[in-house]
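Computed from a predicted structure; not experimentally measured.
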Amino acid sequence: MRSKINRYKVHLWIGMFFLPLLLISSLTGFFRANHKWFWKEDYKKFKNFSYEYTLKEPAIQLNEVFRIFQTNFGDTLRISEIKLKSEIGRLFYDVKVKGGSPILIDAESGQLLSPLSGELAKAFASQYVKPELKAQKVYLDNNYKSRKDKKSRPVYMVEYNDPLHTKIMIDKNNGEIEEEVDDNLKFGFWMVKLHD
């Protein structure tokens, strides 16, 4: 004898089918609405206080930057921007090159620092984590793609020994922080993707 299908059973089966979707949507929506639990806002702007970040007069003046470029590259590179910045308690010139990679110059000695050494990349990365954290691994990734920019670029990956497995990605040429990733952020991305 066949069981009779009525509208109540149909309604029950439809409800059972959509219940998991509703639960997943509610849970992931809750985490997405409370993203500050795992998402650090403007993490690139906040540095720890291990170093002095004030600008002072550099030993190498701006006009000498052009001479350094002329000596090392001749007329092959065109400068589009020069920025004096304070990082890790030292002064640097971050020179943007038209159609090329940026170049970092030590503003005290005039030494070309690009591409950065692993040790210098580690020092730059240490500005964005708690001072007590120690880097356990530093390695080069020449084809890194960040979340926001799909263009590959060479970065140093600096991994730390904290419980969240923090990774800081530092531009190989000028020491800028490209991205920070940890377990909380990975969880947040997973939740956002699941919600969407």
Side chains of [X] and [Y], heavy atoms from C-beta outward: is any pair under 4.5 Å?
X: Leu116; Y: Tyr156; answer: yes
X: Phe92; Y: Lys83; answer: no
X: Val181; Y: Thr166; answer: no
X: Gln70; Y: Ile68; answer: no
X: Ile103; Y: Asn173; answer: no
X: Val95; Y: Leu104; answer: no
X: Leu84; Y: Pro58; answer: yes
X: Glu178; Y: Ile168; answer: no

Discussion item. Working note: Val155 + Lys172, criterion side-chain contact (heavy atoms from CB on, under 4.5 Å); need CA distance, chi angles, decisive distance, verdict.
Written reply: CA-CA 5 Å; Val155 299; Lys172 174 186 168 183; 5.8 Å; no
Practice prompt. State, without any angle test, whether Glu52 and Thr54 hold a side-chain donor-acceptor pair at a distance under 3.5 Å.
Written response: yes
Worksheet item: Is there a donor in the side chain of Tyr51 and an acceptor in the side chain of Glu87, or the other way round, less than 3.5 Å apart?
Response: no
Discussion item. Please check this pair: side chain of Tyr160 against backbone of Lys137, looking for a donor-acceptor N/O pair closer than 3.5 Å.
Written reply: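 No; zero donor-acceptor contacts below 3.5 Å.
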Worksheet item: Short question: side chain of Asn48, backbone of Val129 - any donor-acceptor pair under 3.5 Å?
Response: yes
Cluster question for you: counting only ILVMFWY and a side-chain heavy-atom cut-off of under 4.5 Å, with indirect links fine, are [X] and [Y] together?
X: Met169; Y: Leu164; result: no
X: Phe73; Y: Leu113; result: no
X: Leu91; Y: Tyr53; result: no
X: Leu55; Y: Phe124; result: no

Roughly how far, to the nearest 0.5 Å, is the [atom2] atom of [Y] from the [atom1] atom of [X]?
X: Glu180; Y: Ser146; atom1: CD; atom2: OG; result: 14.0 Å
X: Arg153; Y: Tyr144; atom1: CZ; atom2: OH; result: 10.0 Å
X: Leu140; Y: Met157; atom1: CG; atom2: CE; result: 10.0 Å
X: Gln111; Y: Ile60; atom1: CD; atom2: CD1; result: 11.0 Å
X: Asn142; Y: Ser152; atom1: CG; atom2: OG; result: 10.0 Å
X: Gln136; Y: Glu159; atom1: CD; atom2: CD; result: 6.5 Å

Worksheet item: Taking it one step at a time, do Tyr128 and Lys47 satisfy side-chain contact (heavy atoms from CB on, under 4.5 Å)?
Response: CA-CA 5 Å; Tyr128 300 96; Lys47 297 179 180 178; 3.3 Å; yes
Worksheet item: Taking the six-membered ring for Trp, is the centroid-to-centroid distance between Phe69 and Tyr93 below 6.0 Å?
Response: no
Search all heavy atoms of [X] against all heavy atoms of [Y] and return the closest pair with its distance.
X: Glu64; Y: Ala59; result: OE2-O, 3.9 Å
X: Ala135; Y: Val158; result: CB-CG1, 3.8 Å
X: Asp94; Y: Lys96; result: OD2-NZ, 3.0 Å
X: Ala123; Y: Ile88; result: O-CG2, 3.3 Å

Item to complete: May I have the step-by-step check of side-chain contact (heavy atoms from CB on, under 4.5 Å) for Asp171 and Asn174, ending in yes or no?
Response: CA-CA 6 Å; Asp171 187 284; Asn174 68 351; 3.2 Å; yes
Discussion item. How about CD on Gln61, more than 12 heavy atoms from neighbouring residues, nucleotides or ligands closer than 6.0 Å, or not?
Written reply: yes
Discussion item. Between Lys85 and Glu176 (salt bridge meaning N to carboxylate O under 4.0 Å), is one present in this structure?
Written reply: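 A salt bridge links Lys85 with Glu176.
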Worksheet item: Is a salt bridge present between Asp106 and Arg90, judged by a nitrogen-to-oxygen distance below 4.0 Å?
Response: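 A salt bridge is present here (some side-chain N lies under 4.0 Å from a carboxylate O).
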